[in-house]
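Structure, as structure tokens:
All of these numbers come straight from a predicted model, not from anything done at the bench. Side-chain atoms are counted along with the backbone in the values below, which use heavy atoms only and exclude waters and symmetry mates.
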Amino acid sequence: MPLVRKPIPGVVYPSKSDVDAFDALGLFDTRTMATAYSDVARQHPERIALSDHGVVHTHAELDDLTDRVAAGLLDLGLRSGDRAAFQIPNSRELVIALLACLKAGVIPICTLAAHRAAEIGYLARHAGARAHLICTDDPKFDFAAFARKMQDEVPSLEHIIVARGEAGEGMTSITALASRVAETEIPARLADVPDDPAQVALFQLSGGTSGVPKIIPRFHNEYLYQMRNSGDLHGQTHATVAFSPAPMMHNAPIICYWGPALWRGGHVVCAPNPTPAALAELIALRRPTWMSVPLPMLVKMKAEGVLEPAHFAGVRMCTAAHAYRLAELTGADVVPLYGMTEGMISFGLFSDTDDVRKSTVGRPTSPHDQYRIVDPDTGTPLPDGCVGEFEFTGPSATRGYYDAEDRNREAFAVDGWVKSGDLMKIHAIGGERILSFEGRVKDVVSRGGEKINCQEVERALASHPGVGAIACVPMPDPVFGERMCAFVIPAAGTTPPTVAGLGAHLEAAGLAKFKWPERVEIVSEFPQTSSGKTSKPLLRELIARQLTTEPAAS
């Protein structure tokens with residue numbers, strides 16, 4: 001395993017001692033993700049690689065198409081090491097664009113379609129993105145106008161690339177890129193791209209636990225390593241048909257849901273339309289064998305009468321929360337999952353007992369990961385069986401956020417271990433150290449798997465004319481796990497703000513809709529700690545207690 005050949009300023013790479021240790025163990029691939037995929041495509045050329053409701057690509061077709069788009073990206077003027085903000089919803093086009101960027105050496109910034117000016121502006125500016133990839137066929141939001149606005153605000157954004165929909169003036173499309181370079185010239189264009197497995201493959205994003213998400217560099221060789229571990233753990237092969245309507249650019253979907261299938265010659269099913277009826281139709285059509293469908297979507301499917309248990313017979317599923325609820329709804333075999341974009345992935349096993357699956361999140365996918373529990377206040381290691389902050393290190397653990405020295409000093413222990421911000425416990429079960437998730441140290445709401453930083457929302461709402469003081473906390477929810485509740489002390493002489501009013505204010509501030517509070521509690525004061533600070537634990541207890549006295553929503 002080589003050291004990186006041309007380090008990118010601001011990226012923290014593994015040390016030489018780490019590289020030597022991993023190399024001695026033979027852990028990492030010597031190929032890039034692009035080369036590894038092309039090798040797989042040549043092994044399984046006629047097998048289905050990618051599909052949605054109406055279109056199917058074989059691996060040979062996908063490999064050829066992404067070669068052509070990659071050459072088009074380079075002909076457009078992008079170069080290896082350039083960054084591109086990916087704001088593409090789940091679709092075949094997303095996978096095509098991602099593979100093309102990997103082949104061109106262009107580094108995707110894994111943003112969400114739901115992000116808006118606050119997030120896209122910051123991330124594109126911070127990373128120096130040269131391209132913004134969008135779809136223009138969304139009837140609810142004008143992404144073309146938004147991308148032009150981002151171009152005006154972020155000087156480095158030279159190119160708007162449309163993955164699906166009409167490319168307006170000053171834009172180019174994936175389709176146009178695919179025919180931009182003569183077929184005979186494509187191999188030579190791609191041959192000039194550095195083939196460095198130790199280089200950054202993607203700029204992933206933190207869960208947003210400290211404001212706007214931080215950028216996490218993820219490398220070709222360690223991403224392939226994690227996908228291999230995940231696939232091996234659950235027996236994924238070229239016959240796997242993988243499907244999840246969760247955001248495909250997130251870390252867990254790439255490593256745990258669809259990435260292991262695609263990079264083994266399997267079939268990835270894409271759901272551009274996430275309505276319950278469309279999801280049910282797609283599952284019936286493509287019959288996935290490996291799925292991760294968030295509980296809120298399954299609940300909606302059941303409510304609309306389109307959840308068909310027969311379509312889940314023999315299916316294996318994984319989920320970051322509510323494994324037993326998913327099993328009850330679908331009849332599928334379900335295992336729990338815990339993961340951080342900073343590197344650690346932990347899985348339950350299908351051979352685990354029901355009790356272990358219900359009460360834990362399993363064990364790390366890599367036998368070479370190291371993990372411990374520490375006192376959140378002092379950092380002192382605690383014995384197994386105690387609840388404390390979870391810390392880890394190992395071959396897939398990040399060494400630092402991109403160009404964020406101050407954040408790195410906060411987020412890593414003095415010996416370089418990642419501080420997760422999660423409260424966990426280590427159980428000794430059957431000779432293994434099994435993890436259970438016990439809560440969070442950080443001030444976040446986990447809404448259906450999306451992490452929302454409370455302070456970010458509070459800062460944005462502090463300028464609302466009706467807000468005198470505000471404290472946002474998670475409140476329990478049977479479907480999403482948690483939603484955000486805003487406790488508000490109204491400004492004197494004003495009408496107390498409503499959920500709709502706070503949402504309108506956050507929309508104007510450019511915050512993604514999933515971050516908006518979904519309940520407002522008007523109070524005259526906040527409970528205090530002994531040191532005179534607002535006690536969020538007491539606020540969480542207050543709203544949780546109040547919810548138990550209210551009738552359940554129909």
Side-chain angles (χ1 to χ4, degrees), residues 1-36 80-81 83 102 105 107-110 126-128 194-207 210 213-230 251 254-255 339-346 364-374 379-381 389-422:
M1 170 187 166
L3 289 167
V4 65
R5 296 171 199 154
K6 188 177 180 181
I8 296 172
V11 173
V12 183
Y13 294 87
S15 66
K16 185 179 186 304
S17 61
D18 281 341
V19 169
D20 290 343
F22 302 152
D23 194 31
L25 292 168
L27 300 186
F28 283 175
D29 207 303
T30 57
R31 301 170 296 174
T32 63
M33 293 176 71
T35 302
S80 178
R83 273 74 90 176
L102 292 174
I107 301 172
I109 306 168
C110 301
H126 185 59
D195 188 34
D196 188 351
Q199 188 54 277
V200 176
L202 303 103
F203 273 166
Q204 276 288 357
L205 305 182
S206 70
S210 56
K214 298 297 184 290
I215 293 172
I216 304 171
R218 301 301 303 265
F219 308 107
H220 288 273
N221 49 21
E222 55 98 354
Y223 235 47
L224 287 171
Y225 173 71
Q226 281 204 300
M227 287 195 294
R228 185 177 76 238
N229 288 337
S230 177
N251 187 65
I254 297 177
I255 289 178
M340 290 189 64
T341 310
E342 285 80 356
M344 170 69 78
I345 298 291
S346 175
T365 60
S366 169
H368 302 285
D369 285 332
Q370 301 175 60
Y371 50 105
R372 67 192 180 195
I373 302 297
V374 303
T380 303
E389 183 172 9
F390 180 61
E391 295 184 348
F392 61 89
T393 190
S396 54
T398 188
R399 268 59 185 171
Y401 296 100
Y402 171 70
D403 193 22
E405 292 184 9
D406 291 344
R407 176 59 183 148
N408 288 340
R409 283 190 286 270
E410 299 171 358
F412 296 85
V414 292
D415 55 1
W417 288 45
V418 179
K419 298 164 67 174
S420 72
D422 290 331

Q.
Under the rule for ring pair (Phe, Tyr, Trp, His ring centres under 6.0 Å), what residues qualify as partners of Phe412, not counting sequence neighbours?
A. none
**Q.** Nearest atoms (heavy-atom pairs only) where Ile345 meets Gly339
**A.** CD1-CA, 3.9 Å
Q.
Ignoring hydrogens, what is the shortest heavy-atom contact between Tyr13 and Ile8? Give both atom names and the distance.
A. OH-N, 2.8 Å
Q) Looking at residues at least two apart in the chain, or sitting in another chain, which of them share a side chain to side chain donor-acceptor pair (under 3.5 Å) with Tyr371? A) none
Q: Taking atom types as modelled, find out whether Ser396 and Tyr225 have a side-chain donor-acceptor pair closer than 3.5 angstrom.
A: no
Q. Hey, mind stepping through Glu342 and Ser206 against side chain to side chain contact (heavy atoms under 4.5 Å, CB included) and telling me if it holds?
A. CA-CA 7 Å; Glu342 285 80 356; Ser206 70; 3.8 Å; yes
Q | Intermediate values then yes/no, salt bridge (Lys or Arg N to Asp or Glu O under 4.0 Å), Arg228 and Asp29 | A | CA-CA 10 Å; Arg228 185 177 76 238; Asp29 207 303; 5.1 Å; no
**Q.** By ring pair (Phe, Tyr, Trp, His ring centres under 6.0 Å) - contacts of Tyr401 (at least two apart)
**A.** none
**Q.** Counterpart residues, side chain to side chain contact (heavy atoms under 4.5 Å, CB included), relative to Ala21 (two or more places apart)
**A.** none
(Q) Using side-chain heavy atoms (C-beta onward) and a distance below 4.5 Å, is Phe22 in contact with Glu222? (A) no
Q) Between CG of Leu3 and CG of Asp20, what distance do you get to the nearest 0.5 Å? A) 7.0 Å
Q: Just say parallel, tilted or perpendicular for the rings of Tyr402 and His126, cut-offs at 30° and 60°.
A: perpendicular
Q) If every non-hydrogen atom of Ile107 is compared with every non-hydrogen atom of Gly81, which pair is closest and at what distance? A) CD1-O, 4.0 Å
Q) Do Pro217 and Phe203 have side-chain heavy atoms sitting under 4.5 Å apart? A) yes
Q. Say you draw a straight line from CG of Leu224 to CD1 of Ile255; how long is it, rounded to the nearest 0.5 Å?
A. 10.0 Å
Q) Rounded to the nearest 0.5 Å, what separation is found between the OG1 atom of Thr398 and the CZ atom of Phe392? A) 8.5 Å
Q | All ring pair (Phe, Tyr, Trp, His ring centres under 6.0 Å) counterparts of Tyr223, not counting sequence neighbours | A | none
Q: Provide the closest heavy-atom pair for Pro364 versus Asp369 in the form atom of the first, atom of the second, distance.
A: CB-OD2, 3.7 Å
Q: List in chain and number order the residues that pass side chain to side chain donor-acceptor pair (under 3.5 Å) with Thr32, two or more places apart in sequence or in another chain; answer none if no residue qualifies.
A: Thr35, Asp195
Q: Give a yes-or-no answer on whether the side chains of Gln204 and Thr341 include a donor-acceptor pair shorter than 3.5 Å.
A: no
Q | Smallest separation among heavy atoms of Cys110 and Leu205, with atom names | A | O-CD1, 3.3 Å
Q) Between CZ of Arg399 and OG1 of Thr393, what distance do you get to the nearest 0.5 Å? A) 5.0 Å
Q. Do you know the tightest heavy-atom contact between Pro197 and Arg31?
A. CB-O, 3.3 Å
(Q) Distance check, rounded to the nearest 0.5 Å: Glu391 atom CD versus Gln370 atom CD? (A) 12.0 Å
Q) Any side-chain heavy-atom pair from Asn251 and Arg218 closer than 4.5 angstrom? A) yes
Q. Say you draw a straight line from NZ of Lys214 to CG of Asp403; how long is it, rounded to the nearest 0.5 Å?
A. 11.5 Å
Q: Please test His220 against Asp196 for side chain to side chain contact (heavy atoms under 4.5 Å, CB included), starting from the C-alpha separation and ending with a verdict.
A: CA-CA 8 Å; His220 288 273; Asp196 188 351; over 6 Å; no
